[in-house]
Amino acid sequence: AEVEETLKRIQAHKGVIATMVINAEGIPIRTTLDNSTTVQYAGLLHQLTMKARSTVRDIDPQNDLTFLRIKSKKHEIMIAPDKEYLLIVIQNPCE
Amino acid sequence: ARFHGNRRSGRWEPVGSRPPLAAMFADRTAAGAAVESLWRSARSARCEAKSCQTGKISTAETAVQSHTSRDAGVQTDQSKDAVQDFQQEVQVDYASLLSFLQRVEDAVIKELNKNWESRAFDGFEVNWTDQNETVLCLHTLSYPEAQDQNLQVTSVSWNATGSVVACSYGRLDGGDWSTEKSYVCTWNLDRRGLNPQRPDLVVDVPSSVMCLAFHPSQPSLLAGGLFSGELVVWDTSRTEDPVIWRTGMTDDTHTDPVYQVNWLPDAKHRNHNRLLSVSTDGKILMWREERDGRLALAEGFAVVAQQVPRSAQLKKFTWGEAAVGVTSLSFSHFDPRVFVVGVEGGYSLKCSMAAETLALHRTGSSVPLRAPAELAFSPQGGPVYSVSCSPFHRQVLNLFLSCGTDGQVHLHSMLQTQPLLSLQLSKKYLFCVRWSPVRPLVFAAASGEGNCNRCFWFTGDVHLFDFEKSSQKPALSIKQAAGEHPVYCVEFNTKQTRLLAAGDAAGAVRVWQLSSDFTEQGPREMNHLEQLASEITD
């Protein structure tokens, strides 16, 4: 319902290739990609987010991770972390 | 009458025809002398039966090697994380999911917008691998026996895994019907004991092999087209007799040398593949494998001058029903039924496998031949020897290259007859042109031969062109061999993308390792290519 609306809004944004929501265990809940790619992204990005978060907190225990962006040759991956979920958006900028 | 020895006279006479006056020949059979066998009785008189057997070995169970066992460890541990299974029913609390999304949505949208407008990373490139600036010749492979017979390398091909390169020896300048024996040699470049003078496999072929093609997914199948018009398929993993299929000399076979052979995946049957062969007798034939080792004709096309679609720019050819010699073929990567052929008349044709009209051809083949041509592109100054379709371009503007004896390379779009770009690469003939499989803006061309009165500024024989650097002259020209030996064929390795193989008339195949600027795709190359194509059209 509203969940789908919100995701659709994000997906419809300029240059967005894919949108995914995964839960705290790394299991995909909503995705716009095919099964195998989603599983691959979910596993790898979940681990990376945990690592990034622990890095930030190790440097300063009062600090915490709010957003993670990975810029690659072909596109950009944006991750919004949370206690229970992870929102992953893949965008191809300037296209 | 049988001859009996010891006769006083030597005359032959049948028994009973003369009165028995003198000693006559007569037929007799004497009873044989029999000698009784004595050995058994003699033997048994002397032998006595004795028994011989090893005595029973007494055994007792005292100890076994391991009588207690314990589970120490298993190789794969039960993973602590939950198995990533999408089919698993996940309990989703929609309320909390919704609140999460509402919280992050704004932040994400803001980032998406910022990204869209950001110019911060324009032109920013990271070099992860060592930048290799030079082009090296990794190997010079040759077969001395073939070189002694002054055979030239007519074609090279890389196999599906990218580790084996095969070359065919023959003659490209032999004008008349030659029955010279030729060879097909393969080298596995990843083997440790690679001897460049000794190929891993040499196949003797009774006629000159003009072209080779490895199967796109089965690494050991190799197809070759012969000077006699036949096609042969070898299985390089079989040592005794590598030939597995051949067309033989039937009414369907080409009457002229086969200049190019290609494998096609058969759309209906995923396992079987079909072969396509192209020859200067104007026929483009598709063969399918039969069980008895024969290749049978499945479909065929014939290009006849009268059926070539004319446009206003083409000169009038008064050949009528004459066959148009086809020298090369390339399939479009986006529509598998569309292909481009280059002809001896100096122009290229866009053809379709779905063509319905029958060809005005002398009948004689078992399958009716169709006329495939849909569009004729504007001609070059000499026969077209090679065409290559870009593996990158999208459906809208399908690009292909054609090169010929006028030393020019034409970049065409399949939508219009005039070329987008004509490059005068060399004063010499260009024998082969190939797009790079990794960089959309790069292609390689092989040159040599022709009347070259004065030295041109391209001294090399393999030219590498990069549209990103310059659209006028080659980015790199590699001199294949000392002396005026034309390079007849060039192939990129699709699996190990830094390798390029080139075969020349001196009978050697050189494997070149390209520098990283030829093998790494830049960030906006596809856009660049489209831009290039569209700005030239206008």
Side-chain angles (χ1 to χ4, degrees), chain A residues 1-7 9-16 19 21-31 33-44 46-47 66-69 71-95, chain B residues 79-129 392 394 438-440 516 519-531:
Chain A
E2 280 223 35
V3 165
E4 316 298 341
E5 288 283 323
T6 318
L7 286 174
R9 265 202 299 273
I10 298 175
Q11 178 69 27
H13 214 79
K14 281 177 286 202
V16 172
T19 313
V21 179
I22 60 181
N23 72 357
E25 278 130 30
I27 301 176
I29 298 177
R30 285 283 182 280
T31 177
L33 287 178
D34 59 288
N35 196 4
S36 51
T37 319
T38 305
V39 166
Q40 192 182 28
Y41 267 109
L44 294 169
H46 181 251
Q47 288 179 35
T66 53
F67 205 84
L68 186 58
R69 280 168 70 163
K71 185 157 180 72
S72 74
K73 258 204 302 207
K74 296 191 181 165
H75 41 240
E76 178 148 347
I77 305 172
M78 276 170 273
I79 307 169
D82 192 72
K83 191 172 81 157
E84 291 157 14
Y85 303 100
L86 218 63
L87 172 67
I88 301 170
V89 181
I90 305 174
Q91 186 193 31
N92 191 357
C94 321
E95 182 52 86
Chain B
S79 91
K80 288 183 217 91
D81 314 334
V83 172
Q84 306 285 3
D85 189 353
F86 199 28
Q87 268 73 36
Q88 187 181 337
E89 281 304 304
V90 183
Q91 300 297 354
V92 180
D93 179 5
Y94 282 98
S96 68
L97 181 58
L98 185 59
S99 66
F100 160 67
L101 283 178
Q102 283 169 338
R103 262 175 295 153
V104 292
E105 187 189 357
D106 287 338
V108 171
I109 299 278
K110 202 166 69 154
E111 292 299 326
L112 287 175
N113 282 329
K114 268 204 288 191
N115 223 7
W116 191 253
E117 283 135 31
S118 158
R119 293 265 159 263
F121 287 99
D122 276 2
F124 176 66
E125 279 173 47
V126 178
N127 296 325
W128 279 104
T129 54
F392 285 99
R394 292 196 239 275
V438 281
R439 284 208 50 203
S516 28
T519 52
E520 282 174 10
Q521 195 177 29
R524 312 261 289 268
E525 262 194 64
M526 279 304 300
N527 304 358
H528 206 137
L529 183 63
E530 281 173 24
Q531 216 175 16

*Asks:* In terms of heavy-atom proximity below 4.5 Å to chain B, should Lys71(A) be classed as side chain, backbone, both, or neither?
*Replies:*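 Side chain only.
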*Asks:* Kindly indicate whether the side chain of Gln102(B), heavy atoms from C-beta on, has any atom under 4.5 Å from the side chain of Glu2(A).
*Replies:*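 The answer is yes; the side chains approach within 4.5 Å.
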*Asks:* Given that the side chain runs from C-beta out, which part of Ile22(A) has a heavy atom under 4.5 Å from chain B: side chain, backbone, both or neither?
*Replies:*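 Neither part; nothing is under 4.5 Å.
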*Asks:* Please examine the side chains of Met78(A) and Leu112(B), heavy atoms only from C-beta on, and report whether any two atoms are closer than 4.5 Å.
*Replies:*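 Yes. Closest side-chain heavy atoms under 4.5 Å.
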*Asks:* Give, for atom CG of Leu101(B) and atom CD of Glu5(A), the distance between the pair rounded to the nearest 0.5 Å.
*Replies:*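 Here the interatomic distance stands at 12.0 Å.
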*Asks:* Using every non-hydrogen atom in the two residues, find where Trp116(B) and Asn92(A) come nearest and quote the distance to one decimal.
*Replies:*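 That closest heavy-atom pairing would be CZ3-O, 3.7 Å.
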*Asks:* Hey, which of Ile109(B), Val108(B), Asn115(B) is the one that makes side chain to side chain contact (heavy atoms under 4.5 Å, CB included) with His13(A)?
*Replies:*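 The single option meeting the side chain to side chain contact (heavy atoms under 4.5 Å, CB included) with His13(A) is Ile109(B).
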*Asks:* Considering only heavy atoms and a distance below 4.5 Å, find which of Thr6(A), Thr66(A), Val89(A), Val21(A) pairs most often with chain B.
*Replies:*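 With the most close heavy-atom pairs to chain B, the winner is Thr6(A).
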*Asks:* In Å and rounded to the nearest 0.5 Å, what is the CD to CG distance from Glu105(B) to Leu7(A)?
*Replies:*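 Output value for this atom pair is 9.0 Å.
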*Asks:* I need the minimum non-hydrogen distance between Phe100(B) and Leu87(A), along with the two atoms involved.
*Replies:*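 Reported closest heavy-atom pair: CZ-N, 3.6 Å.
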*Asks:* Could you grab the distance from atom CD of Glu84(A) to atom OG of Ser99(B), nearest 0.5 Å is fine?
*Replies:*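 Here the rounded value is 7.5 Å.
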